[in-house]
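Here's the structure we're looking at; comments come further down.
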Amino acid sequence: MYNASHVEHKWQKRWADSGLYTTSLHDEKRPKYYNLVMFPYPSGDKLHVGHWYNYAPADSWGRYMRMKGFNVFEPIGFDSFGLPAENYAIKTGIHPTVSIAQNCAKMEEQLSLIGTMYDWSKKVVTSDPEYYQWTQWVFLQLYKKGLAYRKRAPVNWCPSCQTVLANEQVNNGECDRCKSEVTKKELTQWFFNIRSYAERLLNFDGLDWPEKTKLMQQHWIGRSEGSTVQFEIFGRSGGKIEVYTTRVDTLFGCTYVVLAPEHPLVGEITEKLFEKDVKEYIDNAKRVTDINRSAEGRDKTGVETGAYAVNPVNGKRVPIWIADYVLMTYGTGAVMAVPAHDERDFAFAKKYELPVVTVVKPPRDNPAGPPTDGGVAKGEAYIDDGVLVSSGDYTGLSSEMARKKITELLKLDGVADFQVNYKLRDWLVSRQRYWGAPIPLIYCEKCGEVPLSEEQLPVLLPEDVEFRPKGGKSPLAFVDSFMATKCPTCGGDAQRESDTMDTFVDSSWYFLRYPAARMKEGAFSTELANKWLPVDMYIGGPEHACMHLLYARFINMVMHDLGFVDFEEPFTRLVHQGLVTKDGAKMSKSKGNVVSPDAFVSQYGSDVFRMYLMFMGPFEAGGDWSDQGITGVSRFVDRFWNLMADRTTKGSSDVGTGEKTNTGLASARLVHKTIKKVIDGIEAFTFNTAIAGLMEFVNEAMKVGVSMEDKKIMTRLIAPLAPHLAEEIWEHLGEKESVFASSYPTFDPAMLMETSVEIAIQVNGKVRGTVVLPVGCSRDEALRAARVIESVARYLVGADGAAVTVKKEIYVPDKLVGFVV
RNA sequence: GCCGGGGUGGUGAAAUGGCAGACACGAGAGACUUAAAAUCUCUUACCCGUAAGGGUGUGUGGGUUCGAGUCCCACCCUCGGCACCA
């Protein structure tokens with residue numbers, strides 16, 4: 001009887017004592033392999049099924065690569081700054097330093113129960129000063145390169161968390177963390193200029209990432225090619241409105257111009273008569289913005305300014321409107337409205353009875369396109385490209401050509417130019433919170449904004465703080481002993497920056513530090529980073545596609561540009577684990593459907609639990625948790641144990657397939673087939689089929705016995721999936737070293753060859769019988785053999801007993817024979 | 001609305017265009033047992049049939065093909081992501 005709990009304790013202790021998984025980072029003999037999982041947040045809750053679902057298969061992958069001969073580095077750490085610990089402190093008075101230390105210790109213990117081969121000597125904890133000092137250093141590097149800057153900007157503000165949120169942290173107008181409604185607030189904030197890296201971030205060359213993730217990042221970055229066009233303001237010499245458009249080909253169809261409510265020209269151009277309405281609209285827009293524009297649905301609103309703009313292409317006067325469907329944060333904050341060819345402009349024009357002028361028609365060679373005037377007649381905008389009409393000299397040009405020509409010509413007069421825009425906004429890194437890395441800057445009355453020097457790091461978080469944020473200021477702002485400092489330049493009185501950094505800054509460089517986790521002289525070792533990075537395999541949730549994964553790439557590129565590392569991309573291969581749900585719903589405390597692994601682990605053991613999670617389905621698909629199926633894996637482990645560890649092996653050294661041969665070939669074929677199936681499964685992250693392959697082998701071997709040699713093969717085969725079990729059997733089989741010091745079995749393709757094969761026989765596409773034929777049997781032989789099979793033959797004769805005409809004979813070697821009659 | 005996954009037995013699932021449902025769970029029957037648990041054996045897509053056998057089946061409707069879960073077109077449902085980006 002296999003005693004999982006005893007065996008697992010034994011091996012966990014032995015692994016830890018022997019330092020088996022402390023990777024020698026200077027080993028030159030084996031190729032390196034950096035196997036990384038996204039590090040966890042050390043929450044007070046226990047490790048849940050989702051953690052296991054992520055970490056256990058990731059560890060199996062690492063163990064597999066290790067046995068394949070790689071020197072595998074598999075580190076782990078804790079992403080320990082952030083709101084939950086601070087909110088917990090506000091509620092309970094327990095200091096984050098204390099609660100985080102407790103949580104880390106607890107999670108470390110739980111993580112070791114999984115039986116992972118983490119190299120704990122390289123642990124990083126982002127809230128330790130020895131780490132965040134270097135997060136501050138990273139900030140300074142960006143500052144020096146001109147990539148960190150301050151600006152006053154309307155920001156997403158969570159009234160409940162009293163903090164600023166990144167766009168990425170706002171969902172449906174709600175705060176990502178507390179679900180409160182997000183409002184706007186004007187604050188001076190620190191930003192990282194990630195936009196200047198937009199173009200490079202769009203390039204995924206050489207990255208083995210899921211297509212889906214690349215697409216999501218591309219959409220997030222949102223590159224668009226267009227033109228800026230300047231409209232003169234009628235009656236105001238020198239007054240100009242610059243608009244951005246991707247459809248300059250529709251310029252002749254522009255019937256009005258729209259400014260965002262926040263546009264700086266609004267006050268200047270509004271005519272007296274319209275001032276009251278405009279003011280009202282803008283006030284309203286601010287409030288509407290506060291409540292969240294999307295909550296208003298898609299209904300467009302706007303107000304007239306009374307001013308007019310002049311279309312540079314034809315000198316036509318068009319009214320200037322203000323509407324909140326134009327965003328100040330994208331393009332120039334002003335658009336030329338072409339209702340005939342833009343859905344939003346069309347809806348707006350209909351509502352306010354503005355003219356609709358068609359200037360693009362479907363190309364003649366596209367009969368599928370709308371018929372007459374592009375669709376305006378049908379009550380909708382024609383938004384596709386086509387051929388220009390009513391467009392002066394440009395009439396008859398294709399949209400594509402017209403965009404080029406119109407911009408080029410207007411460019412000569414200096415009123416237009418080509419322009420590429422991105423949806424991506426700069427990364428807002430200021431947080432008005434306590435539990436984060438302080439931004440390493442001071443404000444001096446004489447010298448202004450002064451960055452600290454490296455020697456002045458870390459800027460330590462003060463211990464004694466009132467955590468509750470007040471009025472949009474960080475709790476640090478109220479700690480005089482922290483705030484008051486001397487200017488490093490002039491020595492005069494100065495104030496520290498009171499904001500801390502977004503925790504995404506912490507996690508955007510941690511993978512660089514792991515190889516030199518204890519390093520005191522720098523954030524990371526250039527030498528070790530160049531040796532060990534990029535990360536060969538990065539495993540984590542798809543929810544990080546547009547945040548963490550984008551930020552990490554950005555920071556890594558900056559480090560590259562500064563000459564600290566010689567690779568641009570940090571993660572070569574990326575795999576996302578699927579979501580484990582319970583009754584179809586995401587597990588969450590509020591729903592009360594969180595499944596705790598602990599009871600299952602103590603009942604069945606961690607190997608069984610790990611394999612059950614892997615057996616549920618493909619790793620990337622996730623699945624719905626059910627308590628039931630685990631018994632199947634548990635039975636399998638018992639049978640595997642009984643079969644392998646039982647020394648009274650049946651005398652035969654062969655594992656038969658029911659047609660046992662004297663040569664033993666049949667058994668070898670099953671062994672090799674199993675090896676192939678397991679390897680294929682692991683490589684594809686479909687561990688379920690790998691485990692199924694092992695089950696098939698055991699089911700067969702139970703009947704006929706298994707040789708010592710094959711026992712050793714199977715034990716090595718299962719080792720990455722059930723590490724404790726494999727070690728124990730390995731020892732039982734008389735091996736002295738760890739099974740993970742052995743190599744992974746390989747298969748011989750020649751051994752997979754069958755001598756005979758069962759072939760399906762189809763008549764008119766329907767299977768009517770089968771026949772066993774030698775492999776590589778000729779067409780004639782196969783057809784002859786197929787014809788005489790009774791269940792087939794009767795379909796080849798008519799009612800009168802005469803042979804029917806066979807119109808076609810098909811032979812797919814070693815697969816099937818087909819007759820068409 | 002747009003972009004991307006995904007729809008296969010009672011359940012989780014498997015299947016280079018070639019015998020759909022491997023491997024498991026559950027269920028049913030049996031063996032062992034004083035009994036139960038555990039274990040082992042057999043059955044288990046659906047319909048008709050005592051059976052032999054036949055028919056129908058991979059979200060729906062079309063198409064390509066000797067042959068489609070797999071490829072193409074249209075649609076429905078579902079899960080994720082984005083959402084006035086000019």
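In what follows, every chain begins at residue 1, and chains take the letters A, B, ... in the order their sequences are listed. Both backbone and side-chain heavy atoms feed into the values below; hydrogens, waters and symmetry mates do not.
Of all nucleotides listed (B/rC23, B/rC19, B/rA14), B/rC19 comes nearest to the side chain of A/Ala760. Of the candidates B/rG18, B/rG12, B/rA86, the closest approach to any side-chain atom of A/Lys815 belongs to B/rG18. Here the nucleotide nearest the side chain of A/Thr631, chosen from B/rC25, B/rC19, B/rC84, is B/rC25. Here the side chain of A/Leu327 is nearest to one of B/rG55, B/rA14, B/rA86, namely B/rA86. Candidate nucleotides B/rG12, B/rC25, B/rC3 were compared by shortest atom distance to the side chain of A/Met616, and B/rG12 ranks first. Comparing B/rA24, B/rA86, B/rA22 by their nearest atom to the side chain of A/Phe615 picks out B/rA24. Across B/rA86, B/rA24, B/rG81, the shortest atom-to-atom separation from the side chain of A/Met216 is found for B/rG81. Comparing B/rA24, B/rC25, B/rA86 against the side chain of A/Thr245 picks out B/rA86 as the nearest.
Using a 4.0 Å heavy-atom distance criterion, A/Arg768 is classed as a sugar-phosphate-only contact. Among the heavy atoms of the strands lying under 4.0 Å from A/Gln762 is at least one base atom, whether or not backbone atoms are also near. Using a 4.0 Å heavy-atom distance criterion, A/Thr686 is classed as making no nucleic acid contact. Within the 4.0 angstrom heavy-atom criterion, only backbone atoms of the sugar-phosphate kind lie near A/Leu215; the bases stay farther away. Here A/Thr246 lies in heavy-atom contact (under 4.0 Å) with sugar-phosphate atoms only. Counting any heavy atom pair closer than 4.0 Å across all strands shown, A/Asn421 reaches no nucleic acid atom. Here A/Thr329 lies out of heavy-atom contact (under 4.0 Å) with every strand. At the heavy-atom level, A/Val812 lies under 4.0 Å from base atoms of the strands shown. A/Pro618 comes within contact range of the sugar-phosphate backbone alone, with a heavy-atom separation under 4.0 Å but no base atom that close. As judged by a 4.0 angstrom heavy-atom cut-off over every strand, A/Val820 is placed among residues touching the sugar-phosphate backbone only.
In a base pair of the Watson-Crick type (N1 to N3 plus N6-O4 or O6-N4) or a G-U wobble (N1-O2 and O6-N3), with each distance short of 3.5 Å, B/rG6 is matched with B/rC77. When both pairing distances are held under 3.5 Å, B/rA15 makes no Watson-Crick or G-U pair with any nucleotide shown. In this structure, B/rC82 forms a base pair with B/rG1, meeting either the Watson-Crick or the G-U wobble geometry with both donor-acceptor distances under 3.5 Å. Pair assignment for B/rG26: B/rU44, on the basis of Watson-Crick or G-U wobble contacts that are both within less than 3.5 Å.
Using a 4.0 Å cut-off between charged side-chain N and carboxylate O, A/Arg247 and A/Asp385 make a salt bridge. A/Arg223 and A/Glu225 are joined by a salt bridge, as a carboxylate oxygen and a charged side-chain nitrogen come within less than 4.0 angstrom of each other. Taking the charged nitrogens against the carboxylate oxygens, A/Glu696 and A/Lys673 have no contact shorter than 4.0 Å, which rules out a salt bridge.
Regarding contacts with the backbone of B/rU39, every side-chain N or O of A/Asn642 stays at 4.0 angstrom or more from both OP1 and OP2. Phosphate proximity of B/rC66 to A/Lys808: present, with a side-chain N or O under 4.0 Å from OP1 or OP2. A/Arg639 has no side-chain polar atom (N or O) that falls below the 4.0 Å cut-off from OP1 or OP2 of B/rU39. The shortest distance between the side-chain N/O atoms of A/Asn688 and the OP1/OP2 oxygens of B/rA14 is below 4.0 Å. Contact annotation: A/Arg635 side-chain N/O to B/rG26 OP1/OP2 distance is under 4.0 Å. Listed pair A/Ser224 / B/rA86 meets the phosphate criterion, a side-chain N or O lying under 4.0 Å from OP1 or OP2. Using a 4.0 Å cut-off, no side-chain N or O of A/Tyr244 falls inside it from OP1 or OP2 of B/rA86.
Between the OG1 atom in A/Thr255 and the CZ atom in A/Phe348 there is a gap of 10.5 Å [rounded to 0.5 Å]. Here the CG-CZ distance, from A/Asn311 to A/Phe231, works out to 4.5 Å after rounding to the nearest 0.5 Å.
Of the C1' atoms belonging to B/rC82 and B/rG12, the separation is 31 Å, rounded to the nearest Å. Rounded to a whole angstrom, the distance from the C1' atom of B/rG55 to that of B/rG61 is 22 Å. One C1' atom belongs to B/rG26, the other to B/rC72, and the distance between them is 39 Å to the nearest Å. Taking atom P on both B/rA86 and B/rU8, the two are 38 Å apart, rounded to the nearest angstrom. Rounded to whole Å, the C1' atom of B/rG30 lies 44 Å from the corresponding atom of B/rC79. When the C1' atom is compared between B/rC73 and B/rC25, the two are found 39 Å apart, to the nearest whole Å. Taking atom P in both B/rA38 and B/rC48, the straight-line distance is 34 Å, to the nearest Å. Taking atom C1' in both B/rA22 and B/rU33, the straight-line distance is 34 Å, to the nearest Å.
Atom P of nucleotide B/rA86 and atom CD1 of A/Ile322 are separated by 22 Å, given to the nearest angstrom.
Side chain of A/Gln217 to main chain of A/Ala545: a donor-acceptor pair is present (N/O by atom type, distance under 3.5 Å, no hydrogens or angles).
Looking at heavy atoms from C-beta onward, A/Ile241 lies out of side-chain contact with A/Gln230 at the 4.5 angstrom threshold.
In this structure, A/Tyr197 has its ring center at least 6.0 angstrom away from the ring center of A/Trp427.
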